[in-house]
Chemist: 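What follows is a structure written as structure tokens; I'll ask about it next.
What you see below is based on every heavy atom in this structure, not just the backbone, and it leaves out hydrogens, waters and symmetry mates. To find a chain, count down the sequence lines: A is the first, B the second, and so on, and within it residues start at 1. Source: prediction; values computed, not measured.
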Number of protein chains: 2
Amino acid sequence: MVKRPTLQDVAAEAGVSPATASYALRGQRGSDATVERVRQAAERLGYDADPIARALATGSTGTVGVLCGSTRDLWQQRLAVDLSRALMARGRHAVVADADGDPGRERALLAKLREQRPDGLLVAPLDPDAAHWHDVAERFPVVCVGEQLPRAPSAGAVVFDNDAGMALVFDHLAGLGHRRVAVVLTARPSTPDRPAEDLVRRHAARVGVSVVLVHPPPATADVADLRDHLAAALAGPAAGVSVVFCLSDSLAFAALRAAAVRGLAVPDDLSVVGFEDLDVADLVGPGLTTMSWGEETVVDAAVGQLLVSIEDDVAPARSTIAPRLVVRGTTGPAR
Amino acid sequence: MVKRPTLQDVAAEAGVSPATASYALRGQRGSDATVERVRQAAERLGYDADPIARALATGSTGTVGVLCGSTRDLWQQRLAVDLSRALMARGRHAVVADADGDPGRERALLAKLREQRPDGLLVAPLDPDAAHWHDVAERFPVVCVGEQLPRAPSAGAVVFDNDAGMALVFDHLAGLGHRRVAVVLTARPSTPDRPAEDLVRRHAARVGVSVVLVHPPPATADVADLRDHLAAALAGPAAGVSVVFCLSDSLAFAALRAAAVRGLAVPDDLSVVGFEDLDVADLVGPGLTTMSWGEETVVDAAVGQLLVSIEDDVAPARSTIAPRLVVRGTTGPAR
DNA sequence: CCAGCGGAGTGAAGCGCTTCACTGGCCGTG
DNA sequence: CACGGCCAGTGAAGCGCTTCACTCCGCTGG
């Protein structure tokens, strides 16, 4: 277990003071000759600055906290991983925490994350209305993805243009001649956003289709529960619809299974639309028609806004992501 | 921006020296009365030890690095997230790095991660044979998941009992009366493990089924490429098989689509078996029959072994995960 | 009755880095 | 020629915590 070289060692090797070495290595000061000499000494010794000591001295850790409401949600799972990757690519480290669906844990993890003194926070909240967002946004740059934090005016946000998204979906459906659609709402927490029911109603009305709203079972439901729940809806209140539009892709998968249970062929008897564009949407069955927000766009926006805020010491920006409808195999003309 | 209280402040508030406060808060020394007084002072001030300063003083960061070969791989995506969650639950922070399929990046990220001075490392390597694993395992506790690190004898590992897994799959298939199966190999990197071809051959021979091996297209292939590739195989070399056994679930999904392209009904005309048990395996179509290693078991083993190694300063253990065959809707009797 | 012991409490020295405030040349300007 | 300004280089003071080594005290046992 050989000791790592310290700045002292480099300074000694180069024949300068530690202060000079410190400045030189960061290219902040010093004559070209000295800088070069120090650099070579560092090279020779295999020196790398200790980020811990640096963090203590500067008060900045180079770390960004990522707090997710529930990574059991496939969309958030991917989000967490992609945010980490993007942060790493931009020279920062991500430490990710997952509240796993429990608002109490969200609070606790937020506290833990704060202790870590991150330079900033990226959050996909369970409860955007919670009071703790306010406190934390006062002390750290925070960017929230998927929604606004109403209690934290100083936080940035990357939100989805659900109005436009709804418009695309209903235009698509109306264009295929559908007149009756079931809309399956999501249970919080989940999905990029939960467009308000009135968005649904407005766009349905605009294109002249009638809507039956289906509420999802509680978040604890497993796949079989979801399937049965939707199959029941299809047999009951939603009987006779030609489309099931689900406000999350996971729900849409369950809807596909429910259709099978009811003996309905997709998309011939029943069209199914999702709302997320998970990786697997393209992988399964006929390919799920779904709303996409462009994972990369979302991640770039969130990370970009946060880093600008950190580096320039300004309040993080807010931005809106435009939707794209990805038409695959689960939608077809109404019969 | 109000300054956080420091240990000094707490000590002053409690009327003791910083040293006493430090010991007291960690319950290491001090009379009950003093400990209580310090605790209350800390409470009153809302004190929380600064982990950076602590790390500098103790040399231990409480952080564990997680290095993944490619989180585009859905199995690794989930693994990364679940490892993070498990670490957090055990009081540590995870910083996750993702080589994104590039061995050069794997090397670079490993270097970055080392600089962070993590207490240990959890890796799902792109190239288990790479020389850098040796160096790093000498300096940090390392647990590798999915395979052994042949060059790093001091590293721990969580490996899969592929022999048993193959046995289960072929027993299942033979039991259903299948006589000819196509086995789709995976391109590295991916999947819990790539059982050697000879495992396949041996178990196929044991139960008396014939095997046609299908090599996958390069890792850069997208879903459509995979589907077409497999559809072509089904029309060519693999024509007439009654089962497609894929050594990853993603491949299995592609196989399902290929079957559709060829007009084969699953499982009536063709059975499909995967090898991973992704979350979505249960979500899509008839539900994918697949080998499962039990995500939780794997994560617990990896994290457990690493933490034991860190805390007791011993070499990390090696363990083997027993497989479970999850029979869902994509396998049925041979016709 | 006193030596000796152990536990409570403390001062101070780090951990490895940054940065403030300062010194001492060197150069350009009046 | 004298002076001011500028910049390379430096010593030392932290950042907030842990921990070593020490003092002091009250007890116990011989």
Side-chain angles (χ1 to χ4, degrees), chain A residues 1-42 45-63 93 112 114-119 139, chain B residues 1-42 45-63 93 114-119 139 311:
Chain A
M1 195 74 166
V2 39
K3 224 173 111 330
R4 292 175 33 143
T6 72
L7 186 59
Q8 300 273 357
D9 301 332
V10 175
E13 173 84 9
V16 297
S17 77
T20 306
S22 171
Y23 286 123
L25 285 175
R26 281 169 302 143
Q28 286 208 353
R29 254 163 80 166
S31 64
D32 292 356
T34 312
V35 167
E36 188 50 29
R37 204 144 38 87
V38 173
R39 233 187 260 295
Q40 302 219 348
L45 267 41
Y47 171 79
D48 266 317
D50 182 338
I52 304 289
R54 173 171 289 167
L56 182 60
T58 61
S60 147
T61 56
T63 278
H93 299 273
K112 273 195 138 181
R114 288 179 60 161
E115 275 178 40
Q116 279 287 110
R117 302 181 161 291
D119 291 345
R139 296 224 186 347
Chain B
M1 196 73 167
V2 37
K3 225 172 110 329
R4 290 172 41 139
T6 72
L7 187 59
Q8 299 272 358
D9 301 332
V10 175
E13 174 84 8
V16 296
S17 78
T20 306
S22 172
Y23 286 124
L25 285 176
R26 281 170 303 143
Q28 288 208 352
R29 255 163 77 165
S31 64
D32 292 357
T34 312
V35 168
E36 188 51 28
R37 206 144 38 86
V38 173
R39 234 187 257 296
Q40 302 220 346
L45 267 41
Y47 171 80
D48 267 318
D50 181 340
I52 303 291
R54 172 171 290 168
L56 183 60
T58 61
S60 146
T61 56
T63 279
H93 298 273
R114 288 179 60 160
E115 275 179 40
Q116 279 287 109
R117 301 180 161 290
D119 291 344
R139 297 227 186 343
E311 280 151 24

Chemist: Just to verify, what does B/Glu311 make a salt bridge (Lys or Arg N to Asp or Glu O under 4.0 Å) with, not counting sequence neighbours?
Modeler: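 Result, salt bridge (Lys or Arg N to Asp or Glu O under 4.0 Å) vs B/Glu311: B/Arg92.
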Chemist: State, to 0.1 Å, how close A/Ala42 and A/Leu25 come at their nearest heavy-atom pair, and which atoms those are.
Modeler: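 Taking every non-hydrogen atom into account, CB-CD2, 4.0 Å.
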Chemist: Hey, can you pull the residues of residues 9-20 of chain A with a non-hydrogen atom under 4.0 angstrom from DNA chain C?
Modeler: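 Correct list: A/Ala19.
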Chemist: Identify the heavy atoms of A/Arg4 and A/Asp48 that sit nearest to each other, and give their distance.
Modeler: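 So the two residues come closest at NH2-O, 2.8 Å.
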Chemist: What are the two closest heavy atoms between B/Ala55 and A/Ile52, and how far apart are they?
Modeler: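 Scanning both residues, the minimum pair turns out to be CB-CG2, 3.8 Å.
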Chemist: Give the residues of residues 46-63 of chain A touching DNA chain D, defined as any heavy atom closer than 4.0 Å, sorted by residue number.
Modeler: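 Going residue by residue through residues 46-63 of chain A, the ones with a heavy atom under 4.0 Å of DNA chain D turn out to be A/Leu56, A/Ala57.
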Chemist: How long is the straight-line distance from CZ of B/Arg114 back to CZ of B/Arg139, given to the nearest 0.5 Å?
Modeler: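 Atom-to-atom, B/Arg139:CZ and B/Arg114:CZ are 5.5 Å apart.
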Chemist: Tell me the salt bridge (charged side-chain N to carboxylate O under 4.0 Å, His left out) pairs involving residues 27-37 of chain B, sequence neighbours left out?
Modeler: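 Applying salt bridge (charged side-chain N to carboxylate O under 4.0 Å, His left out) to every pair that reaches into residues 27-37 of chain B, excluding sequence neighbours, yields nothing.
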Chemist: Check side chain to side chain contact (heavy atoms under 4.5 Å, CB included) between B/Pro18 and all other residues, then give those that pass, not counting sequence neighbours.
Modeler: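 With neighbours one apart ignored, the set is B/Gln8, B/Ala11.
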Chemist: Among residues two or more places apart or on two chains, list those pairs meeting salt bridge (charged side-chain N to carboxylate O under 4.0 Å, His left out) that have a residue in residues 10-22 of chain B.
Modeler: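 Checked against salt bridge (charged side-chain N to carboxylate O under 4.0 Å, His left out) - neighbours excluded - the pairs reaching residues 10-22 of chain B are B/Glu13-B/Arg44.
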Chemist: For residues B/Ala24 and B/Arg39, report the shortest heavy-atom separation together with the two atoms involved.
Modeler: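 Scanning both residues completely, I find the closest heavy atoms to be O-NH2, 4.3 Å.
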Chemist: Report the residues that fulfil salt bridge (Lys or Arg N to Asp or Glu O under 4.0 Å) with A/Arg117, sequence neighbours left out, ordered by chain and then residue number.
Modeler: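 Salt bridge (Lys or Arg N to Asp or Glu O under 4.0 Å) check on A/Arg117 returns B/Asp50.
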Chemist: Mind listing the closest non-hydrogen atom pair of B/Val16 and B/Ala21 along with its distance?
Modeler: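 Distance-wise, the nearest heavy atoms are CG2-N, 4.1 Å.
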Chemist: Do you know the tightest heavy-atom contact between B/Gly46 and B/Pro5?
Modeler: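 Heavy-atom minimum between the residues: O-CG, 3.9 Å.
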Chemist: What residues, two or more places apart in sequence or in another chain, satisfy side chain to side chain contact (heavy atoms under 4.5 Å, CB included) together with A/Ser22?
Modeler: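 Scan of A/Ser22 (side chain to side chain contact (heavy atoms under 4.5 Å, CB included), adjacent residues dropped) gives A/Leu7, A/Arg26.
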Chemist: Does anything in residues 25-40 of chain B come within less than 4.0 Å of DNA chain D? Heavy atoms only, and list the residues if so.
Modeler: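 Contacting residues: B/Arg26, B/Arg29.
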Chemist: Quick one: how far along DNA chain C does chain A reach, first to last nucleotide 5' to 3', anything under 4.0 Å to a heavy atom?
Modeler: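 On DNA chain C, the outermost contacted nucleotides are C/dG16 to C/dA21.
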Chemist: Return the set of residues passing side chain to side chain donor-acceptor pair (under 3.5 Å) with A/Thr34 (not counting sequence neighbours), or none when no residue passes.
Modeler: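 So A/Thr34 forms a side chain to side chain donor-acceptor pair (under 3.5 Å) with A/Ser31.
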Chemist: Would you work out how much the helix from C/dC1-D/dG30 to C/dG30-D/dC1 bends between its ends, with each end axis defined by five base pairs, to 10 degrees?
Modeler: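 Overall, the helix from C/dC1-D/dG30 to C/dG30-D/dC1 bends by 40° from one end axis to the other.
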